[in-house]
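Worksheet: the structure to be examined is printed underneath.
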Amino acid sequence: MERKDFETWLDNISVTFLSLTDLQKNETLDHLISLSGAVQLRHLSNNLETLLKRDFLKLLPLELSFYLLKWLDPQTLLTCCLVSKQWNKVISACTEVWQIACKNLGWQIDDSVQDALHWKKVYLKAILRMKQLEDHEAFETSSLIGHSARVYALYYKDGLLCTGSDDLSAKLWDVSTGQCIYGIQTHTCAAVKFDEQKLVTGSFDNTVACWEWSSGARTQHFRGHTGAVFSVDYNDELDILVSGSADFTVKVWALSAGTCLNTLTGHTEWVTKVVLQKCKVKSLLHSPGDYILLSADKYEIKIWPIGREINCKCLKTLSVSEDRSICLQPRLHFDGKYIVCSSALGLYQWDFASYDILRVIKTPEIANLALLGFGDVFALLFDNRYLYIMDLRTESLISRWPLPEYRKSKRGSSFLAGEASWLNGLDGHNDTGLVFATSMPDHSIHLVLWKEHG
């Protein structure tokens, strides 16, 4: 057929085809396909792929592509990255999608990072770490050996662990290397706290002492308690030291002079924990920036203003049962905004602005969990057998780690949490170093550490 005649015939056929119903059009196409040979079928296949399989990520504006991608879950997005280099490039650059995915895993988000491909890499790192936590493979253990008698007191700060022992010594350890940096002769330590220059110890001999690391010399001796000193805290800016004792009192001392400024009474049990912390919220009783003292015994948490007046009055007393039928665990968390303590009924969280109980977190499947650390996203808990991580958004336990037969302590001084920043959300860098430390019956220190990323 001549070209001109073919074009005329094709125009007539097209007009007729357009007038058919959809069913008739389908029957017509089926008939034509049945009459076609290999060349025609190959031609049809090539053209259909172009018409039907359009790459919408390539054709759509980037903003619309990002909008559509936000409806897909991260695992589907990772699969889509395998379709082509173009798809991988577009999906990897969708910052908001990967940031949301990281937040959902409990990851901290730094909005200042401008690298478009950064957050997909962070998500891949995050999903690996969370998988390790779920499979109980995120940690490893180590030991510190050096004391010759029971270790009663532990304190951790910035990669360094201080231990106070019944062998009349205190040691400062580099957790990353396991090396002892300082070892000085002291009294029997029931509580320790340190900084770069000094060590403050509370003792079973009813006194508090301050020691110089470099020389081992005792630079200050605080006498006045009539019972063992179970907890100490201090602030160089205020030049104040506080101590809690088995004599049911809390004493406030001048750190540099060693003189007693105040004795706080009202507790009817051993004071096992004192915390000196700057307030971060406003209420009728305090303002942001005020220093607050918390003291805790077996049943109550008392809140005190820090001042030099002799007749200092307790601002508030917190408890979980009026009849004292429920005991508080000896560990106490206070960050200036919230107070958290554990009991046999669960974790109690108080709002520091109102002193109201915000929530009670119960774990019916596991009783008597003790608090180690509490953050915005995670909590670190433990019992006689395991270390646990709780996702506070769902109040569910997401990981556990077996513990050896460690030395038990009713005062909570022989075990502690390590690095705490990850409790506010992991970020790919803060899941390193010490997680948990406890003293052992053989006088060694058992360490639980983050395992390096695979």
**Fill in**
Residues pairing under salt bridge (Lys or Arg N to Asp or Glu O under 4.0 Å) where one sits in residues 61-80, two or more places apart or in two chains, turn out to be K70-E96

**N/O donor-acceptor pair under 3.5 Å between S92 side chain and N88 backbone** = yes

**Message:** What verdict does the side-chain hydrogen bond (donor to acceptor under 3.5 Å, both in side chains) test give for H443 and S165, after you've listed the backbone C-alpha separation in whole Å, the side-chain angles of each residue and the deciding distance to 0.1 Å?
**Reply:** CA-CA 9 Å; H443 319 319; S165 171; over 6 Å; no

**Complete:** Looking only at heavy atoms, the pair that brings A93 and L117 closest together is N-CD2, 4.1 Å

**Message:** Tell me if the CG atom of L59 is crowded by more than 12 foreign heavy atoms within 6.0 Å.
**Reply:** yes

**Message:** To the closest 0.5 Å, what do you measure between NZ (K171) and CD1 (I445)?
**Reply:** 11.0 Å

**Request:** Taking S245 for its side chain and A228 for its backbone only, find out whether a donor-acceptor pair lies under 3.5 Å.
**Result:** yes

**Item:** Geometric cation-pi criterion K193 and Y234, 6.0 Å radius, 45° cone
**Value:** yes

**Item:** Minimal non-hydrogen separation, C81 against I91, with atom names
**Value:** SG-CG2, 3.6 Å

**Request:** Assess whether atom CZ of R385 is packed by more than 12 heavy atoms of other residues, nucleotides or ligands within 6.0 Å.
**Result:** no

**Prompt:** How many angstroms lie between atom CD1 of I292 and atom CD1 of I339, to the nearest 0.5 angstrom?
**Reply:** 9.0 Å

**Request:** Give every residue pair that meets the side chain to side chain donor-acceptor pair (under 3.5 Å) criterion with at least one member in residues 334-348, sequence neighbours excluded.
**Result:** none

**Passing candidate, side chain to side chain donor-acceptor pair (under 3.5 Å) with H225, options D247, T263, D205** = D247

**Under 3.5 Å donor-acceptor, D167 side chain and S148 backbone** = yes

**Asked** How about V192 and T186: do any of their side-chain heavy atoms sit closer than 4.5 Å?
**Response** no

**Request:** Could you tell me the separation between the CG atom of L199 and the CD atom of Q197, rounded to the nearest 0.5 Å?
**Result:** 12.5 Å

**Request:** Grab the two heavy atoms, one from D290 and one from S287, that are nearest each other, plus how far apart they are.
**Result:** OD2-N, 2.8 Å

**Message:** Closer than 3.5 angstrom, by distance alone: can the side chain of T219 be matched with the main-chain N or O of C210 as a donor-acceptor pair?
**Reply:** yes

**Asked** Okay, side chain of K273, backbone of L332: is any donor-acceptor separation there less than 3.5 Å?
**Response** no

**Request:** Nearest 0.5 Å please: distance from the CG atom of L423 over to the CG atom of L392.
**Result:** 8.5 Å

**Asked** Do L293 and I240 have side-chain heavy atoms sitting under 4.5 Å apart?
**Response** no

**Asked** Can you name the ring pair (Phe, Tyr, Trp, His ring centres under 6.0 Å) partners of H147, sequence neighbours left out?
**Response** none

**Prompt:** Which residues satisfy the ring pair (Phe, Tyr, Trp, His ring centres under 6.0 Å) test with W450, sequence neighbours excluded?
**Reply:** F139, W422

**Asked** How long is the gap from CD1 on I109 to CH2 on W98, to the nearest 0.5 Å?
**Response** 12.5 Å

**Asked** Between the side chain of T438 and the main-chain N/O of S414, is any donor-acceptor distance below 3.5 Å?
**Response** yes

**Considering all heavy atoms, the nearest D383-L403 contact** = O-CD1, 4.1 Å

**Prompt:** Which atom pair, heavy atoms only, marks the closest approach of T201 to V232?
**Reply:** C-CG1, 4.5 Å

**Request:** Of all the heavy-atom pairs spanning E269 and Y299, show the shortest one and how long it is.
**Result:** OE2-CE1, 3.6 Å

**Item:** Other residues, nucleotides, ligands: >12 heavy atoms within 6.0 Å of R393 CZ
**Value:** yes

**Message:** Looking at R324 and E300, is there a salt bridge between them, counting it only when a charged N and a carboxylate O are closer than 4.0 Å?
**Reply:** yes

**Prompt:** With side chains defined as the heavy atoms from C-beta onward, is the minimum distance between W304 and V252 less than 4.5 Å?
**Reply:** no

**Prompt:** Any ring pair (Phe, Tyr, Trp, His ring centres under 6.0 Å) pairs touching residues 160-199, not counting sequence neighbours?
**Reply:** Y155-F194, Y182-W213, H187-W211

**Prompt:** Is a side-chain N or O of N424 found less than 3.5 angstrom from the main chain of D376, in a donor-acceptor match?
**Reply:** yes

**Asked** With distance as the sole test, does S203 use its side chain to make a donor-acceptor pair with the main-chain N or O of T188 at under 3.5 Å?
**Response** yes

**Request:** Measure the shortest side-chain to side-chain distance between P74 and Y123 over non-hydrogen atoms and say whether it is less than 4.5 angstrom.
**Result:** yes

**Message:** Between the side chains of D236 and K198, is the shortest nitrogen-to-carboxylate-oxygen separation below 4.0 Å, so that they form an ion pair?
**Reply:** yes

**Item:** Student check: side-chain heavy atoms of L105 and R129 closer than 4.5 Å
**Value:** no

**Message:** Tell me every residue that passes side chain to side chain donor-acceptor pair (under 3.5 Å) with S396, counting only those two or more places apart in sequence or in another chain.
**Reply:** T394

**Item:** C260 backbone acceptor or donor facing K251 side chain under 3.5 Å
**Value:** no

**Fill in**
Output for pair (N430 CG, T432 OG1), nearest 0.5 Å, gives 7.0 Å

**Prompt:** In terms of the angle between their ring planes, are F204 and F230 parallel, tilted or perpendicular, with boundaries placed at 30° and 60°?
**Reply:** perpendicular

**Backbone of V274 reached by a side-chain donor or acceptor of S231 within 3.5 Å** = yes

